[in-house]
Protein chains: 2
Amino acid sequence: MASDDTLARRLLDGDQRALARAISLVEDDDPAGWDLVREVYPHTGRAAVVGITGAPGAGKSTLIGAIVTNRRAADRTVAVLSIDPSSPFTKGALLGDRIRLTEHFLDPGVFIRSMATRGALGGLSEAALQAALLMDAAGRDDVFLETVGVGQAEVDVIDHADTVVLVLMPGSGDSIQALKAGVMEIPDIIVVNKADHPLTDTMVREIRGVLSLAPQRGWRVPILTTEAVRCEGVDDLVDKLIEHRGFLESEGTLSERRRHNLRSEVISLAASKLRRRLERRLEDDPGFQRLLDEVAERRLDPASAAGAVLEQEGAEDAAQT
Amino acid sequence: MASDDTLARRLLDGDQRALARAISLVEDDDPAGWDLVREVYPHTGRAAVVGITGAPGAGKSTLIGAIVTNRRAADRTVAVLSIDPSSPFTKGALLGDRIRLTEHFLDPGVFIRSMATRGALGGLSEAALQAALLMDAAGRDDVFLETVGVGQAEVDVIDHADTVVLVLMPGSGDSIQALKAGVMEIPDIIVVNKADHPLTDTMVREIRGVLSLAPQRGWRVPILTTEAVRCEGVDDLVDKLIEHRGFLESEGTLSERRRHNLRSEVISLAASKLRRRLERRLEDDPGFQRLLDEVAERRLDPASAAGAVLEQEGAEDAAQT
């Protein structure tokens with residue numbers, strides 16, 4: 001454990017390479033990664049965690065790049081975790097194209113990491129949340145989580161943020177529809193990016209209409225317009241991020257919100273452990289193969305087969321649900 | 001059970017309203033819905049199930065609309081299930097805007113349904129897969145599943161298709177990057193839509209480059225170009241869909257593929273039952289509240305808390321993983 005102790009120490013000292021190594025351990029579902037999170041967990045909870053969500057193409061990454069420039073000018077250290085597979089933060093040749101983002105790659109005050117491997121053993125959302133804890137433990141003042149906001153894993157991650165920012169682009173009525181239909185929860189801040197688009201004002205009006213129907217919760221959701229490629233509107237957005245953080249702290253809702261999020265995280269981790277245990281047990285189970293034969297021959301439906309699987313492991317009550 | 005028997009009978013007779021009602025039962029996690037799936041399951045397995053995936057804005061819905069027009073001209077009955085929250089198939093005012101899709105709404109040979117409620121009790125992917133079975137049982141010749149291809153639920157659904165079509169738009173290098181990085185599995189057919197774009201040829205070349213690196217599996221993945229809004233290239237795409245179906249049947253891989261998919265479905269259903277049982281048990285558990293206090297106070301990390309939760313329920317071995 002000597003090497004892990006050293007890794008934990010270096011991580012807590014803010015060493016970038018230790019942080020990168022630690023996240024890789026968690027991503028690979030290495031037990032040493034989980035040990036490390038356990039060890040450094042008492043040092044977490046200090047970072048301001050901001051989730052940035054929105055459809056691919058809305059300009060989330062460029063916006064995050066601009067926010068990072070702003071935060072660095074205020075001398076805050078930053079970490080970015082992207083779980084959007086279409087994000088330019090994703091490792092690879094693509095990065096070379098994006099000057100605005102790559103300018104941060106040489107800055108030791110900025111740590112950027114992406115996760116997109118859906119095959120991750122422990123599940124994408126579990127690994128991402130552990131990675132966010134490691135960034136927090138490494139003393140980053142601000143942690144940004146970038147997601148496309150679709151899919152349960154993404155939602156699990158974004159739910160973990162203290163402040164959620166939804167980025168929309170003008171003309172994407174579909175996103176407004178999703179908000180209206182309650183598919184997407186009302187975020188804390190809404191940004192209409194690419195604001196030089198002629199439909200921006202219409203978009204802002206439509207969003208205002210949707211928000212007026214939503215229940216009021218003390219915090220009035222601001223609608224901001226930005227033009228991230230030219231850094232326009234970004235200072236105002238950062239002001240709102242700081243204001244929302246102050247609101248959470250003054251109302252005492254930060255700890256309540258975090259407790260709620262941690263509850264979801266614990267349940268997800270436990271459920272995913274249960275699932276892996278089940279998968280291991282069924283791997284070479286001849287009884288399961290016979291069940292599958294019946295399902296494949298359309299004699300037994302999948303849900304009844306699932307019930308039978310659980311009954312086999314003595315969980316009769318679960319099989320009734 | 002008399003009313004359900006009637007519903008099953010009407011569903012099997014292809015009644016549209018019975019199908020709509022049945023899907024609602026499944027979506028609401030009503031036990032009658034699961035009973036119904038069990039009852040009609042022996043009559044499933046006949047539909048050709050095609051998954052259409054791709055980022056929002058790639059034109060999936062318009063493409064599906066054009067495919068549906070083609071299939072109706074060949075006198076085949078069709079069902080479309082969309083689990084893309086940004087899709088225009090999603091119910092609501094938006095539909096009015098899309099003439100190309102709405103033309104199908106009055107045709108009894110076309111059944112269109114969307115699911116986007118991430119709060120669905122049984123989980124989105126479970127409900128969607130049951131809905132697909134119901135469409136199959138209702139005698140639809142072709143079932144199209146539309147997803148954004150991001151997130152585990154979407155992947156679970158698309159994995160259930162006999163044929164998977166990936167829709168890309170020119171200039172979206174990010175999607176190619178996702179293919180290259182192995183984030184997205186290689187589909188059976190790739191479509192570059194909006195092919196009047198100047199970057200189409202470049203895109204096709206890039207995709208060809210990525211495919212040349214992928215392992216060959218007997219079926220050579222075709223790359224087609226379409227201009228769905230003008231129905232261009234759609235006949236070729238339908239030919240490829242039919243060709244792929246023929247390939248699966250002639251090679252005997254259709255039943256193998258379906259068995260593999262049904263296996264995943266049974267495991268997912270069992271795992272989600274386990275999760276719900278866990279959530280019910282923890283609902284008012286004072287021991288769990290004390291654990292959460294420790295987590296919130298940063299004295300116990302979430303993964304260790306999850307382990308403790310499982311130990312409590314006598315699943316000591318799971319807690320070790």
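Per chain, numbering begins at 1; letters A, B, ... match sequence-line order. No hydrogens, no waters, no symmetry mates; every other heavy atom, side chains included, goes into these values.
Chain B forms the most heavy-atom pairs under 4.5 Å with one residue out of A:Ala296, A:Ser268, A:Ala305, and that residue is A:Ser268. Among B:Glu265, B:Arg263, B:His43, B:Glu279, the residue with the largest count of heavy-atom pairs under 4.5 Å with chain A is B:Arg263. Residue with the most contacts toward chain A among B:Ile267, B:Leu129, B:Leu278: B:Ile267 (heavy-atom pairs, distance under 4.5 Å).
A pairwise comparison of heavy atoms in A:Ala270 and B:Ala306 identifies N-CB, 3.6 Å as the closest pair. Minimum heavy-atom separation, B:Arg38 to A:Ser304: CD-OG, 3.1 Å. For the pair B:Arg275 and A:Ala271, the tightest heavy-atom approach, listed with the atom from each and the gap, is CG-CB, 3.6 Å.
Scored by the side chain to side chain contact (heavy atoms under 4.5 Å, CB included) test, B:Leu199 finds B:Pro170, B:His197, B:Thr202 as partners (sequence neighbours excluded). Judged as a side chain to side chain donor-acceptor pair (under 3.5 Å), and not counting sequence neighbours, the contacts of A:Arg299 are A:Glu297. Every side chain to side chain contact (heavy atoms under 4.5 Å, CB included) that B:Ala303 has, sequence neighbours left out, goes to A:Trp34, A:Leu269, B:Asp301.
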Under the criterion side chain to side chain contact (heavy atoms under 4.5 Å, CB included), I'd like the reasoning laid out for B:Leu291 against A:Val266: C-alpha separation, chi angles, the key distance, then a yes or no. CA-CA 10 Å; B:Leu291 267 183; A:Val266 171; 5.9 Å; no
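Within the 4.5 angstrom heavy-atom criterion, atoms from both the backbone and the side chain of B:Leu292 approach chain A. For A:Thr44, the parts lying under 4.5 angstrom from a heavy atom of chain B are both the backbone and the side chain. Within the 4.5 angstrom heavy-atom criterion, only backbone atoms of B:Leu300 (N, CA, C, O) approach chain A.
Along residues 253-261 of chain B, the residues that come nearer than 4.5 angstrom to chain A, judged on non-hydrogen atoms, are B:Arg258, B:Arg259 in order of number.
Checking side-chain atoms of B:Tyr41 against main-chain N and O of A:Pro302 turns up no donor-acceptor pair under 3.5 Å.
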